[in-house]
Amino acid sequence: MFALIDCNSFYASCEKIFRPDLKDRPVVILSNNDGCVIARSSEAKKMGVSMTQPWYQVKDQYLSKGGVVFSSNYEFYADISNRVMNVLSDLCPEIDIYSIDEAFLDLRSFKKNIDLISFAYDCKRIIKEWIGIPVSIGIAPTKTLAKLANKVAKDDPRFDGVVILSEPRAIKHFLKSMPVEKVWGIGKKLTIRLENIGVKTAYDLTQIDSRLIGDNFNVVLERTVRELKGQSCITLHDFMEPKKQIMVSRSFGRSIRSKNLLSEAISFHASRAAEKLRHEKQKCRLITTFIRSNRFNSKIRQIYASRSLELIHPTDDTRVIIKNANRILEQIFADGYQYAKAGILLSDFTDSYGYQMSLFDKKRDDKKATKLMETIDYINLMEIAKVGFGNQGYRNTWRMKREIKSQRYTTKIDEIPLIR
DNA sequence: TCTGGGGTCCTAGGACCC
DNA sequence: TCTGGGGTCCTAGGACCC
């Protein structure tokens, strides 16, 4: 059996931890640039605010009805997430952290006749009492079924946040009541294609001929169907898989035309990406830079330009990454467009402890570079000062908006809550 | 004026090889 | 009214997820 533990309205719930005055108030969290809504408390959901809705469309009405809003505060959410995951791994060491707000537990290592119901309610109570975050729990023989059970646990108040599926007959009944688009891995496009062949519920999906799936769909769907039938195909990861790519990209506070400003933004993102890369203990060989206009604005001339560059030596050196990212920018930049977003993608990783040199490579002494990067990371991490590179710019014209951010209650000594 | 960011996996199709 | 048949490797792009 697998359990899926999912935090309810995670970001909104985080904001409520240190603000008891917001207990029953609607709370929404905005994406970077305060662009659109990415989390809503249950009260905000009831007001009809939808996910990824542009903020400007709901702002006036929402605020006039007494709604509360925050810019996203990822540092804070990540810290609360860590606390939740730590508690969960104490309760069950076989844990697979799936995202910032959810984790799978593999319950097969438990004793045979453990009472799943009381285990689930204990989990829920402990996380609420110790950390202050409400969670929903779905338990079932496969991850896909646990995911589905979790959805119902969260949406249907009759279940009080816990749904356990174990009996085949109950599972069948449950699947018949589930629209196919609620199934994990079935998105918009697949829903349309499935409905066209008469598949409306999750149960219908378990009944279609596997040859039909092989001919018309792909192995992903085939796996989903097997999981719905109770055959576990998606297991826990034994260890944290290393990342395969690192992306840093941002929309600008307002659109810009100048290459110099773009270069500052690219350098800034490149620097962040290099930091992440070193944190993963990887080196990259491929650097991709992209710049684009605002795709929602049909009145302006559109552009999306991107190019990749392959390095001879894999690197994690911020200076090398910045330099090459800007070389790409030189190649793809075109005058006369309004750019709204820029980003950098690092990929083709090799372990930073060693890589295969070619026969004619000179032995390279990059100890100095390694030491320099380590020192910069340390200074920034410890917040002794903020160290960056000159070409990251000092102008703030392209920086994002984040105007209504809460305090970093748990990670900054001068922002911890005060009790007077 | 105002529409996020960061991932994964899979597949089709091109380049290239014999 | 006709122009082989496999292979492999790589990349771009689609679909999906949170």
Side-chain angles (χ1 to χ4, degrees), chain A residues 4 6-11 28-40 49-60 62 69 71-74 77-78 81 96-104 143-144 147 150-151 154 181-194 213-214 216-224 233-234 237 240-255 269 272-273 276-277 280 285-286 288 290 292-300 304 306-308 310 338 340-349 400-404:
Chain A
L4 175 63
D6 190 323
C7 302
N8 301 342
S9 314
F10 182 57
Y11 297 166
V28 301
I29 315 301
L30 304 181
S31 63
N32 285 333
N33 268 319
D34 296 340
C36 51
V37 175
I38 52 167
R40 309 103 79 213
V49 180
S50 38
M51 198 68 173
T52 69
Q53 185 163 29
W55 171 233
Y56 73 92
Q57 287 175 3
V58 286
K59 183 177 179 183
D60 291 344
Y62 176 76
V69 60
S71 304
S72 34
N73 186 347
Y74 291 109
Y77 309 147
S81 172
D96 189 0
I97 298 169
Y98 180 68
S99 76
I100 193 163
D101 74 331
E102 63 191 293
F104 287 99
K143 281 184 161 184
T144 305
K147 200 77 176 146
N150 183 284
K151 194 166 287 209
K154 186 174 281 189
E181 74 259 28
K182 304 252 183 195
V183 176
W184 192 30
I186 310 289
K188 261 189 191 148
K189 299 278 159 114
L190 271 177
T191 300
I192 294 169
R193 286 173 62 195
L194 287 168
I213 304 176
N216 296 294
F217 299 93
N218 59 27
V219 295
V220 184
L221 187 69
E222 204 177 319
R223 205 161 52 202
T224 300
C233 311
I234 309 171
H237 297 123
M240 283 302 269
E241 301 272 332
K243 284 199 169 85
K244 291 171 183 170
Q245 52 173 248
I246 287 171
M247 160 121 80
V248 177
S249 73
R250 291 284 180 283
S251 301
F252 305 131
R254 58 180 173 77
S255 59
H269 299 334
R272 275 291 301 133
K276 286 189 186 182
L277 186 63
E280 291 281 314
R285 206 179 331 231
L286 200 67
T288 308
F290 74 87
R292 74 173 313 157
S293 52
N294 180 354
R295 66 200 162 98
F296 296 104
N297 188 345
S298 54
K299 288 177 196 143
I300 58 169
Y304 175 87
S306 106
R307 189 168 294 178
S308 304
E310 197 174 336
Q338 298 178 46
K341 182 173 181 176
I344 177 159
L345 181 71
L346 306 180
S347 51
D348 196 359
F349 293 165
M400 63 181 172
K401 283 186 292 194
R402 207 185 251 176
E403 288 166 347
I404 23 187

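Since we're looking at a predicted model, the values are computed, not measured. First the proteins, then the strands, lettered A, B, ... as listed; each starts at 1.
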Tell me the closest heavy-atom pair linking [X] and [Y], and the distance in Å.
X	Y	result
A:Tyr74	A:Ile38	OH-CD1, 3.5 Å
A:Thr224	A:Trp184	CG2-O, 3.9 Å
A:His269	A:Gly343	CD2-CA, 4.2 Å

Review point. Any side-chain heavy-atom pair from A:Tyr62 and A:Val37 closer than 4.5 angstrom?
Key: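 No; the side chains remain at least 4.5 Å from each other.
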
Exercise for review: Report yes if some heavy atom in the side chain of A:Leu4 is under 4.5 Å from a heavy atom in the side chain of A:Lys143; otherwise report no.
Suggested key: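 Sidechains of A:Lys143 and A:Leu4: no contact.
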
Distance from [X] atom [atom1] to [Y] atom [atom2], nearest 0.5 Å?
X	Y	atom1	atom2	answer
A:Asp34	A:Ile29	CG	CD1	11.0 Å
A:Ile300	A:Ser255	CD1	OG	6.5 Å
A:Glu102	A:Lys147	CD	NZ	3.5 Å

d([atom1], [X]; [atom2], [N]) in whole Å:
X	N	atom1	atom2	result
A:Leu277	B:dG6	CG	P	15 Å
A:Ile29	B:dG5	CD1	C1'	16 Å
A:Met51	C:dC17	CE	P	13 Å
A:Leu221	C:dC16	CG	P	10 Å
A:Lys243	C:dC18	NZ	P	18 Å
A:Phe290	B:dG5	CZ	C1'	9 Å
A:Phe104	C:dC17	CZ	P	12 Å

Practice item. Select from A:Val219 and A:Lys276 the residue whose nearest nucleotide in DNA chain B is closer to the 5' end of that strand. Key: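 The 5'-side residue here is A:Lys276.
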
May I ask you to say what [X] touches in the nucleic acid, namely base, sugar-phosphate or nothing, with a heavy-atom cut-off under 4.0 Å?
X	answer
A:Gln53	nothing
A:Arg223	sugar-phosphate
A:Ile186	sugar-phosphate

Check your understanding: Excluding sequence neighbours, so at least two apart, what forms side chain to side chain donor-acceptor pair (under 3.5 Å) with A:Ser50?
Key ->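 Partners of A:Ser50 by the side chain to side chain donor-acceptor pair (under 3.5 Å) criterion, ordered by chain and then number, come out as A:Gln53.
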
Check your understanding: According to the Watson-Crick and G-U wobble definition with distances under 3.5 Å, which dot-bracket string, read 5' to 3', encodes DNA chain B, using [ ] for crossing pairs and | for pairs with another strand?
Key -> ....||||||||||||||

Exercise for review: Could you tell me which residues satisfy side chain to side chain contact (heavy atoms under 4.5 Å, CB included) with A:Lys276, sequence neighbours excluded, listed by chain and number?
Suggested key: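 Side chain to side chain contact (heavy atoms under 4.5 Å, CB included) check on A:Lys276 returns A:Ile246, A:Val248, A:Arg272.
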
Filtered N/O pairs between nucleotides 1-4 of chain B and protein, under 3.5 Å:
| unit_1 | atom_1 | unit_2 | atom_2 | d |
| --- | --- | --- | --- | --- |
| B:dG4 | O4' | A:Ser31 | OG | 2.8 |

Nucleotide N/O of nucleotides 7-15 of chain C paired with protein N/O under 3.5 Å:
none

Review point. Counting N and O atoms only, with roles assigned by atom type, does the side chain of A:Ser347 sit under 3.5 Å from a partner on the main chain of A:Gln245, one being a donor and the other an acceptor?
Key: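 Side chain of A:Ser347 to backbone of A:Gln245: no pair is present.
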
Check your understanding: What residues form a ring pair (Phe, Tyr, Trp, His ring centres under 6.0 Å) with A:Phe10, not counting sequence neighbours?
Key ->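 None.
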
Practice item. Using a cut-off of strictly less than 4.0 Å, decide whether A:Lys147 has a side-chain nitrogen or oxygen near OP1 or OP2 of C:dC18. Key: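 Checking C:dC18 against A:Lys147, a side-chain N or O does come within under 4.0 Å of OP1 or OP2.
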
